[in-house]
Structure formats: C-alpha cells, structure tokens
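Only this structure's heavy atoms are used, side chains among them; waters, hydrogens and symmetry mates stay out. Each chain gets a letter, A, B and so on, in the order the sequences are listed, and its residues count up from 1.
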There are 2 protein chains.
Amino acid sequence: MVDVAREAGVALRTVSRVVNQDSTVGPELVQRVREAIAALGYRPDERARHLRLGVTGTLGAAVRQLSHVNPVLRAVERAARAADLMVLAASTEDDENLERHVVESMCRRRFDGIVLEPIGDDHGYLVPELEAGLSLVAVDRPVLGLDVDCVLSDNRSGIETAYRHLVRHGHDRIAYIGDDERIFTAQERASAFRACVTAHGGLLDTMLHTGRVDDGRVHAAVRAALSGPAPATAIITGNAQLSVEVLRHLGADAVDVALIGFDDSELATLLRPDLTVVAQDTTAIGTTAIDMLRARIADPSTEVRKVTVPVELIARGSGEIPPAS
Amino acid sequence: MVDVAREAGVALRTVSRVVNQDSTVGPELVQRVREAIAALGYRPDERARHLRLGVTGTLGAAVRQLSHVNPVLRAVERAARAADLMVLAASTEDDENLERHVVESMCRRRFDGIVLEPIGDDHGYLVPELEAGLSLVAVDRPVLGLDVDCVLSDNRSGIETAYRHLVRHGHDRIAYIGDDERIFTAQERASAFRACVTAHGGLLDTMLHTGRVDDGRVHAAVRAALSGPAPATAIITGNAQLSVEVLRHLGADAVDVALIGFDDSELATLLRPDLTVVAQDTTAIGTTAIDMLRARIADPSTEVRKVTVPVELIARGSGEIPPAS
DNA sequence: ACCTTTCGAGATAACGTTATCTCAGCTTGG
DNA sequence: CCAAGCTGAGATAACGTTATCTCGAAAGGT
C-alpha cells in the first residue's frame with residue numbers, strides 16, 4: 001500500500017480512501033491510484049483491515065461433517081450471504097476435542113459469530129469465550145448447561161405426529177429404532193416415543209430399540225421388532241441413516257411393514273413405496289440461526305432465545321401401509 | 001496483551017514468549033503471566049499474529065456445495081489436519097461469480113493455499129492472484145486455460161472399464177446417460193463413451209444421452225434407450241445423481257437392465273440388486289491435493305503437476321445382469 | 001580477580017490497515 | 001474584502017502481534 005502511494009505520488013491515506021470508495025478523493029487522484037494499484041498488483045490484506053476495524057465480517061460454522069448432506073448448513077450460508085457475511089465452515093467429526101479445537105480457532109481468528117452443532121455435554125470451554133463476548137448460536141442440539149441461543153427442531157411433536165399417523169392407519173404395535181440416546185436429538189425422540197406408547201396403553205417391550213448405528217444392532221432390532229408373539233406392524237426410525245439401514249434389513253418385507261422415517265432425504269422418493277417422513281424445516285432453522293446470530297452480534301445484551309421449529313409429516317406411501325391382517 | 005504484561009509486571013515480549021511456549025522464560029515469570037492471562041481472560045488474536053508472521057496456517061476449500069456429500073472434502077480436511085493446517089470451507093453453488101467472490105475473499109484473507117473445484121471456463125480472475133503467489137490446487141476438474149496444479153479422476157478409463165465389464169457380461173447395446181457436457185467431467189465421460197462405442201463397432205444412435213439433469217430429460221432418455229427396434233440391454237450413468245434418477249424411472253425394470261453408475265454412494269447397497277459402480281478414490285484425491293498444495297506453499301517454484309487418480313469398478317450385482325434373451 | 005560466555009528479559013520496530021486530527025486552498029455570504 | 005465554512009488530502013497514531021537488538025547479571029575458565 002505504501003508502494004502504491006509512492007507510485008501514485010499521494011499519501012498512504014489516500015490509497016486507503018480510493019480502495020474504500022471514499023468520495024472525498026478527486027477524480028484525477030482516483031485515476032492515478034487505480035493505475036498504481038494495477039501496475040503494482042496490489043491486493044488488500046483483510047487481516048490488517050480486520051485488525052484495525054475490530055470486526056471480520058465472517059461467521060464460522062462448526063458442523064459434524066461438512067461432507068455430509070446438511071440442508072441446514074446450506075440455509076445458513078445463503079442467509080449469511082444475503083447479509084453480506086462470509087461463512088467459513090469446518091467439521092467437528094462428532095469429536096468433542098475437535099469441536100473445541102475448531103471453535104477456539106475460530107475465536108482466536110475473531111470471527112464475528114459462530115454457528116455450532118454441539119457435541120457431547122461438556123461445553124465448559126465456551127464459558128470464557130462467551131464472557132469475552134463471543135456470539136454463538138447452537139443448531140439442532142442445545143449447549144447443555146449453558147444459557148446460549150439455540151434453534152431446534154420439534155423432535156417430540158415429530159415423533160407424536162408419526163405415531164398418531166400410524167395409529168390412524170390402524171396400527172397398534174409400533175416399533176421405534178433410534179440412535180444412541182447419548183445424542184440429544186436421539187434422546188428426545190426416544191423419550192417422546194416412550195410417552196406415546198405409554199399414553200396409548202401399549203407395552204414398550206420389544207418396541208423400543210436405541211443405540212449406536214451399527215449394522216448388527218439394526219439388524220437385530222428389526223428382527224426383534226418383527227418377530228415374537230406380537231410383532232410390530234409399523235416402524236418409526238430415528239434419523240435418515242437409520243431409515244436406510246432399516247430398509248436394507250427389511251429387504252422384501254418393506255412392502256408389508258409401515259415405515260416412517262425421521263428426516264427427509266433424496267432417496268425417500270426413490271423407493272417403492274416412497275418413504276413417508278417427518279421432515280425438518282431446514283431452511284427455517286438455518287435462516288433463524290443467522291437472524292439470531294446477527295441480532296446478538298449487533299447487541300450482545302439481547303436476551304437468550306431458544307427457538308423450536310415445527311416439523312412436517314410428508315406422507316408418501318410407506319407410512320400408509322395398513323397392518324398385515 | 002499489554003494489560004497482561006502490566007498485571008504480571010513483565011514486558012510485553014515476555015507475555016508473547018509465554019504464550020508461544022518459548023523456553024527462555026523463568027518458571028516464576030511463566031507462572032505470574034499465566035495467572036495474569038487467566039485473571040484478565042486474555043485470548044490471543046490470530047489476526048495480528050498472522051499479520052506479523054505473514055502466514056495464516058489456513059487453507060481454503062471452495063467446493064460446489066458444502067452441504068452435499070463430498071468425500072473428497074473429507075479427505076482434504078483430514079489430510080490438512082494431519083499437517084496441522086486448518087481448512088475453512090465455503091460453497092460456490094456452481095456459480096462462477098460466487099466462486100470468484102469466495103476465492104478472492106480467501107485471497108484477501110491471505111489463506112496459505114486454496115483447494116478449488118473450478119466452475120466454468122473463464123478463470124482469468126485467478127491470474128493476478130497466482131502471479132502474486134497464490135498457491136492453488138484444482139480438484140475434480142482442471143482450471144481451463146491456466147497452468148495450475150490439479151488432481152483428477154481417471155474418468156476415461158472409468159467409462160472404458162464399465163463398458164468392457166458390460167461387454168464381458170454379454171451386452172452389445174449399451175446406453176450412456178450423462179450430465180451436461182459443458183461440465184468437464186461430463187464431457188470427458190461422454191467422450192470416452194463415444195470412443196468405446198466406435199471402437200466396438202456399435203452405433204451411437206439412441207445410445208448416448210447427455211444434458212442437464214432434469215426429470216423429464218432423464219425419463220425421455222431412459223425410454224429412448226430402452227425402446228425401438230434395438231433397445232439397450234445395459235445402461236451406464238454419468239454420476240451418482242443420474243444413477244438415482246435413472247433408477248427412479250426404470251422402476252420395476254431395474255431387475256432386467258444391467259446398470260453401472262459412476263460414483264459410489266450410500267444407496268448403492270440399499271437397492272436390489274445392489275448397484276455396480278465406478279468408484280473414485282476420493283481419499284487419494286483429497287490427500288494428494290493437500291500434498292501438492294503443501295509442496296507448492298513450501299516452494300512456489302515447484303513445477304506444476306497434473307495428477308490423475310485411478311478409479312475402481314465395484315461389482316455388486318446390477319452390472320452383472322445378463323442381457324434379456 | 002578478570003574476561004568471556006550464556007541466559008533471561010526488556011525496548012523498539014515492524015506487519016498493513018483505518019480513524020482522527022490537521023491544514024491549505026477554495027467558495028460563499030454579508 | 002474578509003471571516004466563516006467547506007473540501008480534498010496529508011501526518012500520525014493506533015489495532016495486537018512477533019523479530020531483532022540490547023543489556024544486565026550470573027556462570028565458567030584462566
């Protein structure tokens with residue numbers, strides 16, 4: 001920049017003015033500076049700019065796996081772009097230590113705010129950052145033990161809706177195959193399922209199967225649910241990955257067992273019958289997260305909000321299969 | 001930092017030494033500085049650090065869609081992490097203007113290097129950046145017109161392998177349904193297919209269908225390929241998305257038509273029969289990209305390399321269906 | 001006892017920006 | 001015709017780090 005100033009024969013400050021489109025520079029000088037910039041191949045350095053300005057115009061997104069389908073992240077990117085903010089994302093790989101490393105890196109880089117899919121239940125490392133003014137919004141899961149903005153899906157009502165839908169189609173013995181209950185969403189969904197069964201006067205017995213997603217476990221769960229004296233006639237799955245696994249193990253039986261999957265996915269319409277799902281409103285989640293983050297950045301004293309976004313049941317066929325006589 | 005120094009009663013430089021684990025600080029001072037850091041909630045500012053150091057220890061990844069399945073990105077993140085580099089990723093949404101915006105932002109932030117999935121064919125905006133020392137590696141597609149490091153899959157041999165595989169299983173009339181040939185990989189794959197048909201003495205006729213992925217077009221292509229006096233008995237698809245679409249339109253016929261899909265995917269083993277695919281070695285692509293990028297960062301005069309990574313045919317059933325008698 | 005080496009720690013000057021203050025040269029109105 | 005206001009542009013001081021140089025004191029060798 002100092003070279004550009006020398007080349008153009010102006011003061012350093014004037015180059016800065018030209019670069020920032022300040023109107024108080026005469027057209028002749030603007031021209032000279034422009035030429036000098038082109039001649040010297042000057043490229044502004046945002047590090048220095050951000051350092052001086054205090055803000056970076058950058059949001060961080062720490063998600064479980066960048067390279068997985070994540071429609072919320074897409075909405076986050078779009079909403080941020082609309083607000084002229086750059087989103088830079090990194091994976092936490094479902095690893096608490098990596099999450100901490102990623103988030104702390106973003107803090108040291110002084111990102112203006114962070115969108116986080118929190119992992120595990122100890123987020124103590126966030127406390128000093130929050131005290132120092134970090135703007136953070138949790139997505140999909142809350143930050144346990146900390147009073148932090150968050151945007152969640154209405155997991156409970158998703159399960160309830162699915163359950164009622166199956167009951168309305170004549171099912172009485174409905175099984176649930178879910179993820180490891182140490183995961184917040186899995187816990188919420190399983191607990192909602194328990195409440196449904198109890199309210200409906202049924203027995204949990206062989207109807208509830210949760211745990212780590214693992215080929216053998218899913219297979220065993222499907223078998224257990226469909227066998228015995230009172231086999232299930234319908235299954236609800238706890239997430240998209242489990243829908244896939246359950247379908248894999250159902251095999252040809254898929255046409256006889258009603259199935260509702262949590263989470264919509266591309267393959268839902270590839271199957272026969274198409275998969276009935278409880279779909280999250282990922283666009284709403286993403287845009288809400290950015291709105292909340294921007295509000296907090298603008299005014300750190302904004303009171304903490306916990307937003308729950310409704311889910312929607314999309315009937316496509318698999319959830320409307322009647323119980324085998 | 002100056003506050004910490006005052007609090008601890010030491011010089012600024014000494015705080016810096018403690019933060020950077022410099023061994024030339026007495027244990028007593030280290031202790032005092034540590035306490036001051038904790039008391040004041042000091043958090044180092046990487047912007048200033050990077051400004052002073054010149055490097056940022058950060059790589060950018062500009063990919064088409066963060067929120068899509070992208071195993072190459074996963075490998076890139078892992079390889080970078082192993083080298084103690086942080087990867088920050090952003091989507092280009094298949095939009096040339098957005099690509100430019102994202103890449104230029106990363107340049108202004110002085111990322112040490114960028115992994116790019118290039119879009120379109122005018123990358124002139126990169127020239128001044130490269131001249132100014134930008135380290136860049138293109139992945140999946142080359143940067144047309146510019147001599148830049150890149151890592152590509154062996155698209156041609158993937159198609160050839162699939163073609164030969166089908167011939168070996170008795171097929172004679174093999175159709176190809178591919179993506180828009182304005183996309184580099186789609187062009188390469190379609191062109192390889194043309195060469196296969198010609199070499200095999202067949203007619204392209206109703207056998208080659210390329211264009212934008214669109215419901216109607218794919219449907220029409222499938223119909224055209226399977227009808228007429230000499231219908232295809234096997235289909236090769238140009239990418240994972242097309243495999244899905246083609247399967248959707250094949251419907252119940254899927255058991256009668258041999259199918260080989262380009263790109264492996266989760267649902268390949270969900271179908272019956274399981275999908276035979278040409279799988280890219282995404283791990284090799286990602287790690288190679290990072291290796292090349294690191295080499296270029298270390299020595300910008302390294303000569304430009306264009307690496308082609310082999311692909312592998314994974315037979316799972318759908319590609320071994322014999323031609324209908 | 002004196003010179004040299006080693007070591008711990010401080011002072012100062014960058015890195016590349018922008019905000020603030022200053023000032024010279026105009027215009028403008030009474 | 002002059003004071004007051006405006007306007008374009010320069011000088012200087014930050015922003016928060018780290019590299020370099022310097023210096024005093026302690027340790028070691030003759």
Should T14(A) be listed as having a side-chain N or O under 4.0 Å from OP1 or OP2 of dG10(D)? yes

Given S91(A), which of R81(B), R74(B), E77(B) fulfils the side chain to side chain donor-acceptor pair (under 3.5 Å) condition? E77(B)

Give the B/S/- string for nucleotides 15-28 of chain D, one per nucleotide from 5' to 3', where a protein heavy atom under 4.0 Å of the base yields B, of only the sugar-phosphate yields S, and otherwise -. BBBBBB--------

I need the CG-P distance between L29(A) and dT7(D), as an integer number of Å. 17 Å

Give the table of side-chain donor-acceptor pairs shorter than 3.5 Å for residues 145-152 of chain B, with sequence neighbours excluded, one pair per line with atom names and distance.
unit_1: D149(B); atom_1: OD1; unit_2: R305(B); atom_2: N; d: 2.7
unit_1: D149(B); atom_1: OD2; unit_2: R296(B); atom_2: NE; d: 2.5
unit_1: D149(B); atom_1: OD2; unit_2: R296(B); atom_2: NH2; d: 3.2

Please give the angle, rounded to 10 degrees, between the axes at the start and the end of the helix from dA1(C)-dT30(D) to dG30(C)-dC1(D), where five pairs define each axis. 40°

Test salt bridge (Lys or Arg N to Asp or Glu O under 4.0 Å) on R6(B) and D3(B); report intermediate values, then the result. CA-CA 5 Å; R6(B) 192 176 336 108; D3(B) 297 335; 3.0 Å; yes

Please list, chain by chain and in numerical order, all residues satisfying side-chain hydrogen bond (donor to acceptor under 3.5 Å, both in side chains) with E188(B), sequence neighbours excluded. N155(B)

Quick one about D263(A) and N239(A) (side-chain donor to acceptor, distance below 3.5 Å, no hydrogens or angles considered), yes or no? no

Any residue meeting salt bridge (Lys or Arg N to Asp or Glu O under 4.0 Å) with D95(B), in chain and number order, not counting sequence neighbours: none

Going through the checks in order, is the side-chain hydrogen bond (donor to acceptor under 3.5 Å, both in side chains) test met by D94(B) and Q65(B)? CA-CA 8 Å; D94(B) 269 320; Q65(B) 257 304 338; over 6 Å; no

Enumerate, atom names and distances included, each donor-acceptor pair closer than 3.5 Å involving a side-chain atom of residues 125-141 of chain B, sequence neighbours excluded.
unit_1: Y125(B); atom_1: OH; unit_2: E99(B); atom_2: OE2; d: 2.6
unit_1: E129(B); atom_1: OE1; unit_2: R43(A); atom_2: NH1; d: 2.3
unit_1: R141(B); atom_1: NH1; unit_2: P118(B); atom_2: O; d: 3.1

